[in-house]
Number of protein chains: 2
Amino acid sequence: MKKNPLQCQFVVALDSIVGKWKPIILYHLLQGKTLRFNELRRLLPDITQRMLTLHLRELEEEEIVKRVVYPQIPPKVEYSITEYGMSLSPILETLHQWGVAHVERKQLSKEKNEHIETD
Amino acid sequence: MKKNPLQCQFVVALDSIVGKWKPIILYHLLQGKTLRFNELRRLLPDITQRMLTLHLRELEEEEIVKRVVYPQIPPKVEYSITEYGMSLSPILETLHQWGVAHVERKQLSKEKNEHIETD
DNA sequence: TGGTATAGTATTAAAAAAGATACTGTTTCG
DNA sequence: CGAAACAGTATCTTTTTTAATACTATACCA
């Protein structure tokens with residue numbers, strides 16, 4: 001990728017939290033609890049195992065998520081947010097709030113239109 | 001898309017500002033100036049006309065960007081941030097800051113490694 | 001008269017991301 | 001003994017996104 005120095009900062013930030021599933025994965029881990037692989041799967045019922053693995057590995061790579069493997073059978077692997085990963089908390093929070101407001105806004109303008117149409 | 005109600009808020013927010021080029025487009029428009037199509041192109045030297053058009057149309061659709069066409073030849077079309085679009089400013093700002101810090105962090109740990117290796 | 005600027009569209013190709021499905025080995029539970 | 005739980009891999013297909021390229025019409029300028 002050729003990099004526009006300006007774009008770069010955004011891209012770096014977004015690369016870390018984008019991907020269809022990363023925001024919700026992070027949402028859950030940012031609650032502070034340690035979660036096992038299948039616990040996360042249950043929280044994200046529509047994700048495939050493959051996608052969950054891929055996204056978790058990327059988050060681990062960036063030191064946003066910590067992965068701890070217990071050498072036992074059946075296997076046990078725990079995922080948790082790192083201290084560094086916590087620094088994403090304000091972004092996710094702001095994003096979440098904006099999303100809520102945006103949905104409300106759309107809802108409102110939809111209702112307004114329906115009202116006019118049926119007037 | 002099946003929607004997890006939780007994921008939904010994030011997705012809505014991210015849909016509005018993600019896409020390879022949207023953050024920088026918004027960065028420029030958030031400076032407050034009105035920009036013509038080709039002015040934006042010059043600010044984003046690597047974007048194709050098609051991508052610029054597509055992303056601007058999406059931003060227009062969400063009422064984040066305003067598009068004004070002057071019926072004259074050669075054509076003149078002006079783009080500017082809407083007041084609603086301004087509500088994205090804190091997100092972009094937080095994101096930008098995080099990106100800067102993330103790059104610095106990576107740089108630091110890289111330097112540390114190099115130091116150890118050559119010790 | 002030919003070149004440049006304007007703001008795009010159309011078409012095709014390539015690359016990236018996501019999804020579907022089947023499979024692994026071991027243990028514990030019924 | 002058979003089935004389920006664990007945490008994944010491997011392979012293939014589909015979908016989505018981005019890129020490359022050529023093309024449009026008109027006006028202005030030299």
Side-chain angles (χ1 to χ4, degrees), chain A residues 1-4 7-8 10-12 14-26 28-29 33-62 65-80, chain B residues 1-4 7-8 10-12 14-26 28-29 33-62 65-80:
Chain A
M1 175 186 55
K2 279 225 210 103
K3 37 216 145 186
N4 179 322
Q7 174 175 23
C8 184
F10 293 115
V11 169
V12 163
L14 287 168
D15 272 2
S16 302
I17 54 167
V18 171
K20 192 167 173 184
W21 303 98
K22 280 183 188 170
I24 343 109
I25 293 175
L26 287 174
H28 287 295
L29 291 175
K33 282 198 195 151
T34 287
L35 295 169
R36 296 180 64 178
F37 187 81
N38 276 359
E39 286 179 310
L40 277 167
R41 270 185 79 189
R42 277 177 227 116
L43 291 169
L44 282 58
D46 293 336
I47 200 172
T48 60
Q49 274 181 302
R50 182 164 176 271
M51 281 300 115
L52 183 53
T53 304
L54 288 179
H55 283 131
L56 283 170
R57 292 295 152 81
E58 280 180 34
L59 290 168
E60 191 195 357
E61 183 75 16
E62 309 222 46
V65 160
K66 190 172 66 176
R67 177 170 178 266
V68 179
V69 181
Y70 294 85
Q72 63 186 46
I73 282 166
K76 177 176 174 183
V77 180
E78 284 186 346
Y79 293 91
S80 58
Chain B
M1 176 187 55
K2 279 225 211 99
K3 39 218 142 185
N4 179 322
Q7 175 175 22
C8 184
F10 293 116
V11 169
V12 164
L14 286 168
D15 272 2
S16 303
I17 54 167
V18 170
K20 194 167 173 185
W21 302 99
K22 280 183 189 171
I24 343 108
I25 293 174
L26 288 174
H28 287 294
L29 290 175
K33 282 197 194 151
T34 287
L35 295 169
R36 297 180 63 178
F37 187 81
N38 275 1
E39 287 180 308
L40 277 166
R41 269 185 81 190
R42 279 177 226 117
L43 290 169
L44 282 58
D46 293 337
I47 201 173
T48 60
Q49 273 182 305
R50 181 160 178 275
M51 281 301 113
L52 184 52
T53 303
L54 288 179
H55 283 131
L56 283 171
R57 292 295 153 82
E58 281 181 34
L59 291 167
E60 192 196 355
E61 182 74 16
E62 310 222 46
V65 159
K66 190 173 64 177
R67 177 170 179 266
V68 179
V69 181
Y70 295 85
Q72 63 186 49
I73 283 167
K76 176 175 171 182
V77 180
E78 284 185 345
Y79 293 92
S80 57

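Just so you know, these numbers use all the heavy atoms, side chains as well, and skip hydrogens, waters and symmetry mates. Each chain gets a letter, A, B and so on, in the order its sequence line appears, and its residues count up from 1.
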Side chain of B:Arg36 - closest among C:dG19, C:dT6, D:dC6: C:dT6
Sugar-phosphate, base or nothing in reach of B:Tyr70, heavy atoms under 4.0 Å: nothing
side-chain N/O A:His55 vs C:dA17 OP1/OP2, d < 4.0 Å: no
Each stem that DNA chain C is part of, given as range with range (3 or more consecutive Watson-Crick or G-U pairs, under 3.5 Å): C:1-30 with D:1-30
Distance-minimising heavy-atom pair for A:Leu14 and B:Pro23: CD1-CG, 3.3 Å
Sugar-phosphate only, base, or nothing, as touched by A:Arg67 at under 4.0 Å among non-hydrogen atoms: sugar-phosphate
Euclidean distance, atom CG of residue B:Leu54 to atom P of C:dG8 [Å, nearest integer]: 11 Å
Side chains of B:Ile24 and A:Val11 in contact at under 4.5 Å (non-hydrogen atoms): no
Side-chain heavy atoms of A:Arg41 within contact of A:Asn38, under 4.5 Å: yes
Nucleotide of D:dA7, C:dT9, C:dG19 approaching A:Val77 most closely (side-chain heavy atoms): D:dA7
Length of the CD-P vector between B:Gln72 and D:dC28, whole Å: 10 Å
Nearest-angstrom distance from the residue atom CZ of A:Arg57 to C1' of C:dA18: 18 Å
Distance in angstrom units between B:Arg41 CZ and D:dA20 C1', rounded: 13 Å
Pairs flagged by side-chain hydrogen bond (donor to acceptor under 3.5 Å, both in side chains) wherever residues 65-80 of chain B is involved - sequence neighbours left out: B:Arg67-B:Tyr79, B:Tyr70-B:Glu78
Separation of atom NZ in B:Lys76 from atom C1' in D:dT26, rounded to whole Å: 17 Å
Whole-Å distance separating the CD atom of B:Glu78 from the P atom of C:dA7: 9 Å
OP1 or OP2 of D:dT16 under 4.0 Å from side-chain N/O of A:Lys20: no
Minimum heavy-atom distance B:Ile47-B:Trp21, with the two atoms named: CD1-CG, 3.4 Å
Within-4.5 Å side-chain heavy-atom neighbours: A:His28 and A:Leu44: yes
Atom pair distance, as rounded to whole Å: CG in A:Leu52 and C1' in C:dA18: 14 Å
Note: B:Lys33-B:Glu39 ion pair, threshold 4.0 Å (strictly below): no
B:Leu54 side chain near B:Arg57 side chain, heavy-atom distance below 4.5 Å: no
Under 4.0 Å protein heavy-atom contacts per nucleotide of nucleotides 20-30 of chain C, with B for base, S for backbone only and - for none: B----BSS---
Atom-pair distance (CE on B:Met51; P on C:dA10), nearest Å: 14 Å
Contact check, side chains of A:Thr34 and A:Val68, non-hydrogen atoms, under 4.5 Å: no
Distance-minimising heavy-atom pair for B:Glu62 and B:Asp15: OE2-O, 4.1 Å
Presence of A:Arg42 side-chain N/O under 4.0 Å of D:dA5 phosphate oxygens OP1/OP2: no
